[in-house]
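The block underneath contains the structure these notes are about, expressed in structure tokens.
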Amino acid sequence: MLRRSLPARPEARRILLGTLLSAVGRGLTLPFLFIYLTDVRGLTDARAGLVIGWFGAVTLALSPLGGTLIDRFGARRVVLPCLVVEAVGTGSLALVDSTASAFGVMTLVAVGSSAIWAGQNTILASLTGDGERQRVFGLNFALLNLGIGVGGLISGAVVDVARPVTFQAIYLLDAASYLTPALILLTLPHVGRRPATVADGGDAAPAAGGYLTVLRDRPFRRLVVFGLVLTTCGYAQIEVGFAAYSVRVVEVTPRVVAWALAANTVMIVLSQLLVLRRLEGRSRTGALALVGAVFAGAWLVLGAAGVVGGGNALLAALGVVACSAIFGFGETMLSPVMPALTNALATDELRGRYNAMSSMIFGISGVVGPVTAGPLIGAADGRVWVAVVVGGCLAASLLALSLRPLLSAAQDGRPALTRTPDPHPASTA
């Protein structure tokens, strides 16, 4: 299954290798930023939260500019400097010693990260055909989670709040990891360049329009609405809603939450290739609708664990872990289908903007989800929160089904229906 999922072009395989190696570095630091800023560098919880929120806001604000630059200059000319800026910013986190320096460094990190995701998706899309793109995006997601999981295991065994040098070391290693995909891209001089237009002497039509043109694309507009609803009630709830409900309502320890997140990663790594095989030739909108149902099922399991609560600690802990694992299974369907459908709708001239808007979905929901999770969990022992996220995921499923009539069979990933000739045509007198 792994061999079948690999892209045909060796350049795409090398890009995937860069994803894996950089993800290991990302996993070294991903769970520890808040702890590092508060317990090691002495920032208050409120100031650390503001720093992290500032990073999200700057990244979101700059993402549209990143998409425009990708279309105008090519993904290569945008991703390479962004990777270098990201590396410098991440390495500089090792030197943070005040709130002001934390804001400055996180601003630098945000500038670097604002266009990397859209640029790398644009590069992968340019190196793959329609028939393999969905598999490649799914494999990319699996490698990303595998790398983050490996990095997390390494850093978990090394970091110590009593020894700041351990945190400085992992941030420097994370910084070095961002240079890996940059070096790989430098060895591929023809990858990620802007499509040649007629004005340049190429065959492609000149780029027309901008984000208004993208927003006039009715199917893509519907896909964006689906993504906003699903991620707000799904992904955006993992960091705040899931953890808060698990600890405060289900009454499990933070260690159980850590086990649950590990189960999520294991589920993704073990099932992604099998899911990719099952998705081939099937409706993408049907898969997206199923994702909403799976996410809703995961939250219902967590809600049931909340009902059990402290009455049966083992059963409650199993419910929390099961919720995260089920959610991970839903991710294995969303991760290949969403970017594949985005790039099926995109034109070569506006592909950067399409991918930037798709990545902005996660940024917007990442702001809305955490802000709303706290008050909802505080109402009626969390039952209101469970009802809202379950209802939102099911509403996303309906939005996905409503998208299907707007797509061609090829865009939806379905085999095109061919009309077979009548073997006995009616004779004419």
Side-chain angles (χ1 to χ4, degrees), residues 23 26-27 30-32 34-35 138 141-153 155-156 230-275 290-310 312-336 338 362 365-366 369-370 373-374 376-377 382-383 385-394 396-397:
R26 187 74 184 101
L30 183 63
F32 299 115
F34 187 82
I35 295 172
F141 182 71
L143 292 175
L144 178 67
N145 278 272
L146 176 61
I148 289 175
V150 171
L153 289 174
S155 61
L230 182 74
T231 56
T232 299
C233 298
Y235 272 107
Q237 301 298 331
I238 287 294
E239 290 187 8
V240 177
F242 170 74
Y245 186 91
S246 298
V247 173
R248 296 178 183 177
V249 179
V250 187
E251 299 180 351
V252 299
T253 64
R255 178 172 295 181
V256 173
V257 176
W259 290 343
L261 296 178
N264 176 273
T265 300
V266 171
M267 171 63 79
I268 292 169
V269 172
L270 293 182
S271 63
Q272 182 69 84
L273 296 180
L274 179 61
V275 170
L290 184 56
V291 171
V294 171
F295 282 3
W299 296 137
L300 285 173
V301 170
L302 185 64
V307 173
V308 174
N312 189 322
L314 177 59
L315 194 58
L318 289 175
V320 171
V321 174
C323 166
S324 186
I326 294 169
F327 193 92
F329 181 73
E331 291 180 79
T332 63
M333 291 183 284
L334 181 65
S335 62
M338 189 78 175
F362 294 90
S365 64
L376 290 175
I377 289 176
R383 289 191 292 271
W385 176 80
V386 172
V388 169
V389 293
V390 169
C393 290
L394 293 178
S397 294

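Residues that satisfy the side chain to side chain donor-acceptor pair (under 3.5 Å) test with T265, not counting sequence neighbours, are absent from this structure. Listed by chain and residue number, L314 satisfy the side-chain contact (heavy atoms from CB on, under 4.5 Å) test with L318 (two or more places apart in sequence, or in another chain). Looking at residues two or more places apart in sequence or on another chain, you find a side chain to side chain donor-acceptor pair (under 3.5 Å) between S335 and Q272. Remark: L315 pairs with V308, N312 by the side-chain contact (heavy atoms from CB on, under 4.5 Å) rule, at least two apart or across chains. Residues satisfying the side chain to side chain donor-acceptor pair (under 3.5 Å) criterion with W385, sequence neighbours excluded, are Q237. T231 meets the side chain to side chain donor-acceptor pair (under 3.5 Å) test with S365; sequence neighbours excluded. Residues meeting the side-chain contact (heavy atoms from CB on, under 4.5 Å) test with R248, sequence neighbours left out: none.
To the nearest 0.5 Å, atoms OH (Y245) and CD (E251) are separated by 10.5 Å. With values rounded to the nearest 0.5 angstrom, I326 atom CD1 is found 7.5 Å from M267 atom CE. Atom-to-atom distance recorded for L274:CG and T332:OG1 is 9.0 Å, nearest 0.5 angstrom. Atom-to-atom distance recorded for I268:CD1 and L143:CG is 12.0 Å, nearest 0.5 angstrom.
In terms of heavy atoms, V291 sits closest to L334 at CG2-N, 3.7 Å. Of all the heavy atoms in G319 and A305, the pair that sits closest is CA-CB, 4.0 Å. Nearest heavy atoms, V390 versus A296: CG2-O, 3.8 Å. Across all non-hydrogen atoms, the minimal contact from V250 to A316 is CG1-CB, 3.6 Å. V257 and A243 make their closest contact through CG1-CB, 4.4 Å (heavy atoms, listed as atom of the first residue, atom of the second, distance). When all heavy atoms of C233 and C393 are compared, the closest pair comes out as O-SG, 3.6 Å.
Within the structure, ring pair (Phe, Tyr, Trp, His ring centres under 6.0 Å) contacts touching residues 314-333 (residues at least two apart or in different chains) are Y235-F327, F295-F327, W299-F327.
In this structure a side-chain-to-backbone donor-acceptor pair under 3.5 Å is missing from S324 to A263. Side-chain atoms of N264 never come within 3.5 Å of backbone atoms of A260 as a donor-acceptor pair (strictly under, hydrogens ignored).
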Hey, mind stepping through V386 and L376 against side chain to side chain contact (heavy atoms under 4.5 Å, CB included) and telling me if it holds?
CA-CA 9 Å; V386 172; L376 290 175; over 6 Å; no
Steps toward side chain to side chain contact (heavy atoms under 4.5 Å, CB included) verdict (S246, L302):
CA-CA 8 Å; S246 298; L302 185 64; 3.8 Å; yes
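Taking 4.5 Å as the limit, every side-chain heavy atom of V320 sits out of range of all side-chain heavy atoms of W259.
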